[in-house]
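Reading through the structure tokens given below for one structure.
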Amino acid sequence: MIDTLDGKKILIIIGGGIAAYKCLDLIRRLKDRGVKIQSILTKGGEQFVTPLAVSSLTERKVYQDLFSLNDEAEMGHIKLSRDNELILVAPATADLMAKMATGIADNLATTTLLASTKPIMIAPTMNSQMWDHPATQHNLTVLKERGTLVISPAAGDLACGEVGTGRLAEVENIIEEIESFFLSNSNLALQGKKITITAGPTHEAIDPVRYIVNHSSGKQGYAIAEALYREGAEITLISGPTNLNVSLGIKKVNVISAREMMSATEKSLPADVVICVAAVTDWYIKNRAVQKIKKQKEGLPSLELSENPDILKTIATHKSNRPPLVIGFAAESENLIEYAKEKLNSKRCDWIVANDISGEVMGGENNQVHIITSKLAEKWPDMKKTDVAVKLTKKIVYFFKEK
Ligand SMILES: Cc1cc2nc3c(=O)[nH]c(=O)nc-3n(C[C@H](O)[C@H](O)[C@H](O)COP(=O)(O)O)c2cc1C
């Protein structure tokens, strides 16, 4: 799977804040994702992390001094400011923000920032009084107006012992912001496409404590949402109860029952593609009890079932908002192809992704699927659910190219 961050070039400027140590973790994680990192350590930054730690992690020289003959001969502040696709200042101290806002260029970091023609992203961190100070807030406004991307500091316990806004954003949030930046700036194949995906199981309540459910983990649907998101699509993920997380840029709508899933899916229209991956429970309990059903001395409680809405068919036959591409999933334990073809015709959808659930598909990491359309039946090899997601994404990209 191609990582959005793979091969990207980022210059990280590490300022003199107590949170500078978190930058080491940030660098390590970005490196793991294939990012090529150059770094500048300010005089303040040097007080909190060592140049050796930074250069060991970036596997490159860390630049520190504007007037160093070696640094200038090797890279030079102008080259440093131009050679990268993004400049990230983290931690961005009050001092650095003030210098950036007023255009001061008195060291390598500030001179590089002033000379830069590339997008600049800052992750401020400081004591909450420093953050709230009108001077800092004014500098923040100036920087934002100039197009500087700001990863807002979080609220909570601060290193100085006070509580307030000023904590460096969590490393994973900084990475997500960087990822969103690259996603929105690249020419991705599904940019501008709106895609709805349903995923996970639905729960149908018997009473306030009991419900009917199935073994769906949501992994396949979530993997598809992520793969399409990486191609720039605007994703709405309508999910039944699962314990999975998704990228911040994906709009997630949590639902419990099939009827809730139906109304959330309709609400997400118009869409360019709807993919119904969720394992929707076929029935709901018509005589759902308001209070917990007590164990009866004689006999068993009787549950009256009623049919749930057919989400796939409703979307595929939608009168006003039928998406150009509607894809359904069919989990079958026998006669896979035959049942999948029947489903394709009866639901009026465009493609069926059929999987044989006689193995460990539900909850497992792998999936072996067939793609059934009105023209063909393709068998894909057994592979990771994330790889199925990437292959399906490629097919969707191709569908729009051919249109
Ligand atoms: C222990 C300690 C922690 C500090 N933490 C911060 C901080 O989190 N944010 C900040 O803006 N300044 C902080 N400062 C003050 C900066 O280090 C100081 O303003 C320095 O000049 C900033 O250097 P820079 O411009 O290289 O970032 C701290 C100072 C000390 C002594």
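Just follow the structure's listing: the first ligand is 1, and inside any ligand the first atom is 1.
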Ligand-side contact atoms (ligand 1) for residue partner [X], heavy atom cut-off under 4.0 Å:
X: Met126; result: 7 (C), 8 (O), 9 (N), 10 (C), 11 (O)
X: Gly44; result: 23 (O), 26 (O)
X: Gly17; result: 5 (N), 6 (C), 7 (C), 8 (O)
X: Gly15; result: 27 (O)
X: Met130; result: 10 (C), 11 (O), 12 (N)

Heavy atoms of the protein only: does one fall short of 4.0 Å from [atom]?
atom: atom 13 (C) of ligand 1; answer: yes
atom: atom 18 (C) of ligand 1; answer: no
atom: atom 2 (C) of ligand 1; answer: yes

So that I can tick it off, tell me whether [Y] and [X] are bridged by a salt bridge, with the cut-off set at under 4.0 angstrom between side-chain N and carboxylate O.
X: Lys31; Y: Glu59; result: yes
X: Asp83; Y: Lys9; result: no
X: Lys395; Y: Glu378; result: yes
X: Arg29; Y: Asp25; result: yes

Which residue holds the protein heavy atom closest to [atom], what is that atom called, and what is the gap in Å?
atom: atom 29 (C) of ligand 1; value: Phe48 CZ, 4.1 Å
atom: atom 5 (N) of ligand 1; value: Ile18 N, 3.5 Å
atom: atom 21 (O) of ligand 1; value: Asp95 OD2, 3.9 Å
atom: atom 26 (O) of ligand 1; value: Thr42 OG1, 2.5 Å

Quick check: [X] and ligand 1, any N/O pair under 3.5 Å apart?
X: Gly16; answer: yes
X: Thr125; answer: yes
X: Ala94; answer: yes
X: Thr93; answer: yes
X: Lys99; answer: no

Donor on one side chain, acceptor on other, [X] and [Y], under 3.5 Å:
X: Gln64; Y: Asn107; result: no
X: Glu304; Y: Ser302; result: no
X: Thr110; Y: Asp106; result: yes
X: Ser268; Y: Thr196; result: yes

Does the ring of Tyr284 carry Lys286 above it, NZ/CZ under 6.0 angstrom from centre and within 45° of its axis?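 Here Lys286 fails the 6.0 Å and 45° test against Tyr284.
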From CA spacing to verdict: salt bridge (Lys or Arg N to Asp or Glu O under 4.0 Å), Lys343, Glu332: CA-CA 11 Å; Lys343 190 165 178 175; Glu332 305 291 353; 5.6 Å; no
Sole candidate of Ile212, Val213, Ile206 that passes side chain to side chain contact (heavy atoms under 4.5 Å, CB included) when paired with Arg210: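 Result for side chain to side chain contact (heavy atoms under 4.5 Å, CB included) with Arg210: Ile206.
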